[in-house]
Participant: 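Okay, here's the structure, questions in a sec.
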Amino acid sequence: MKNLILAIESSCDDSSIAIINKNTYECVFYRKISQENEHSKYGGVVPELAARLHTQALPKILDECKIYFDNLCAIAVTNEPGLSVSLIGGICMAKMLALSLDLPLIAVNHLKGHIFSLFLKEQIQTDMGILLVSGGHTMVLFVDQQGKMIELARTSDDSFGESFDKVAKMMGLGYPGGAVVEKLAKKASDVVLEFSIPLLHSKELNFSFSGLKNQVRLEILKEELTDYKKSHIAYAFQKSAILHIMHKLTKIFKKYHFKRFGIVGGASANLTLRNQVELLCKEYMCELLLAPLEYCSDNALMIARAACDAYERKDFVDISQELINPKVQNLQGLL
């Protein structure tokens, strides 16, 4: 029975393919090849290198999927937002598969995919708030009962995850920065350094991390950057960044009475952030939804899950259509 959807994700530096049963949401195949080691020496993602590595990794993963081809009913692929040179590798492969297997093609916004990471094995819920924190995006959304997404706040400059990467790069800690800064912060034996919380006295709901990042830069220039100093910078930075998130979320929770609230995106793997949001949800008697840690970052399983709902709506795209929209960040509209 043709009830499987194959999904491809290549929006940044991870090559991933997943196959899901559209009726039961069972994952029958999943694999992701990370490029972290290759980009670490440069302190961040190098687009041209990412594109080349995708062309090597995706065919290897696809070769493992051939046994499922006879049971596929659709092909799905991330088409926005992301690095254009990375997106094109996945899109070309998806179009080739759709054409050769005579299957419908589904284009998925990978930010919407992150929301579906909360519902990998079940029907999606609506009437909820979402904090999306990743290497490229930081925003708060409300999904109403009809599935319409309304943006409540976003960052005006760096994203939450991006600021961790840049702080890690300034201290020579490698890439990606989120996990390494979080781990280093735990080594701070006492509190000897404090950074101010961005926009603490501002009434606006939007986020900003560029000023905090600059505080880190100035602190690094003051004296020799020892391991002791690095751990305390990491601690002070993470504390201020999360307090900034929580300060704005508290304002949003007071204004909007969420029944449930989810945290998604690669940076949502930060356990300190998760714990703080959990406390906030308890205070406002709101159900907290969390994506599994292994599916917080970009992955094809969340794209496949989003494609299941798109398939039911017959939300297909023409194979000849230009699909790449690398800078699309506007999520206002239906989920």
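Index from 1, following the sequence.
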Participant: Taking atom NZ of Lys229 and atom CD of Glu224, what is their separation to the nearest 0.5 Å?
Facilitator: 9.5 Å
Participant: Could you check whether atom CD1 of Ile88 has more than 12 heavy atoms from other residues, nucleotides or ligands sitting under 6.0 Å from it?
Facilitator: no
Participant: For Glu312, I'd like to know if atom CD has over 12 heavy atoms of other residues, nucleotides or ligands within 6.0 Å.
Facilitator: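 Atom CD in Glu312 is packed in, count exceeds 12.
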Participant: I'd like to know if Lys121 pairs up with Glu26 as an ion pair, taking the criterion as any Lys NZ or Arg NE/NH1/NH2 lying under 4.0 Å from an Asp or Glu carboxylate oxygen.
Facilitator: no
Participant: So does Lys95 have more than 12 non-hydrogen atoms from other groups sitting under 6.0 Å from NZ?
Facilitator: yes
Participant: State yes or no: are the ring centers of Tyr25 and Phe119 separated by less than 6.0 Å?
Facilitator: no
Participant: Please list, chain by chain and in numerical order, all residues satisfying salt bridge (Lys or Arg N to Asp or Glu O under 4.0 Å) with Lys282, sequence neighbours excluded.
Facilitator: Glu278
Participant: Please verify the inter-ring angle class for Tyr228 with His232; under 30° counts as parallel, over 60° as perpendicular, anything in between as tilted.
Facilitator: tilted
Participant: Pick from Asp158, Asp157, Thr155: which one makes a side-chain hydrogen bond (donor to acceptor under 3.5 Å, both in side chains) with Ser210?
Facilitator: Asp157
Participant: Could you check whether any side-chain heavy atom of Ile5 comes within less than 4.5 Å of a side-chain heavy atom of Ile75, counting everything from C-beta outward?
Facilitator: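 Not touching, per the 4.5 Å side-chain cut-off.
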Participant: Inspect the contact between Glu194 and Lys239 and indicate whether a charged nitrogen and a carboxylate oxygen are less than 4.0 angstrom apart.
Facilitator: yes
Participant: Check whether Asp315 reaches the backbone of Arg313 with its side chain - one donor and one acceptor, N or O, closer than 3.5 Å.
Facilitator: no
Participant: Would you say the side chain of Val45 lies within less than 4.5 Å of the side chain of Tyr175, judging by non-hydrogen atoms?
Facilitator: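 A side-chain contact under 4.5 Å exists here.
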Participant: Taking atom types as modelled and ignoring hydrogens, do the side chains of Gln123 and Asp309 form a donor-acceptor contact shorter than 3.5 angstrom?
Facilitator: no
Participant: Supply the atom-to-atom distance Lys183 NZ to Leu271 CG, rounded to the nearest 0.5 angstrom.
Facilitator: 13.0 Å
Participant: Is the number of heavy atoms from other residues, nucleotides or ligands under 6.0 Å of Asp318 CG greater than 12?
Facilitator: yes
Participant: Any side-chain heavy atom of Asp127 sitting closer than 4.5 Å to one from Phe142?
Facilitator: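 Answer yes - side chains close enough.
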Participant: Do Lys22 and Cys73 have side chains that get closer than 4.5 Å, going by heavy atoms?
Facilitator: yes
Participant: Atom CD of Gln125 and atom CZ of Arg260: how far apart are they, to the nearest 0.5 Å?
Facilitator: 4.5 Å
Participant: Using a 4.5 Å cut-off on heavy atoms from C-beta on, say whether the side chain of Lys248 contacts that of Ser202.
Facilitator: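 Touching, per the 4.5 Å side-chain cut-off.
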Participant: Please check if the side chain of Ser86 supplies one atom and the backbone of Cys12 the other of a donor-acceptor pair under 3.5 Å.
Facilitator: yes
Participant: Using ring-ring contact (aromatic ring centres under 6.0 Å, His included), reason through Phe160 and Phe207 one step at a time and then give a plain yes or no.
Facilitator: CA-CA 9 Å; Phe160 180 74; Phe207 305 99; 8.9 Å; no
Participant: May I ask you to decide if Ala18's main-chain N or O and Arg31's side chain share a donor-acceptor pair within less than 3.5 Å?
Facilitator: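 Flag not set: sc Arg31 to bb Ala18 has no pair under 3.5 Å.
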Participant: Is it true that Tyr295 and Tyr30 have ring centroids separated by less than 6.0 Å?
Facilitator: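 Under 6.0 Å, so yes.
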Participant: How far does CD of Glu38 sit from CG of Asp13, to the nearest 0.5 angstrom?
Facilitator: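 Going from the CD atom of Glu38 to the CG atom of Asp13 covers 9.5 Å.
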Participant: Pick from Phe195, Phe209, Phe237: which one makes a ring-ring contact (aromatic ring centres under 6.0 Å, His included) with His244?
Facilitator: Phe209
Participant: Given the side-chain rings of Phe253 and Phe261, with only the six-membered ring counted for Trp, is the space between their centroids under 6.0 Å?
Facilitator: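 Distance test on ring centres: under 6.0 Å, yes.
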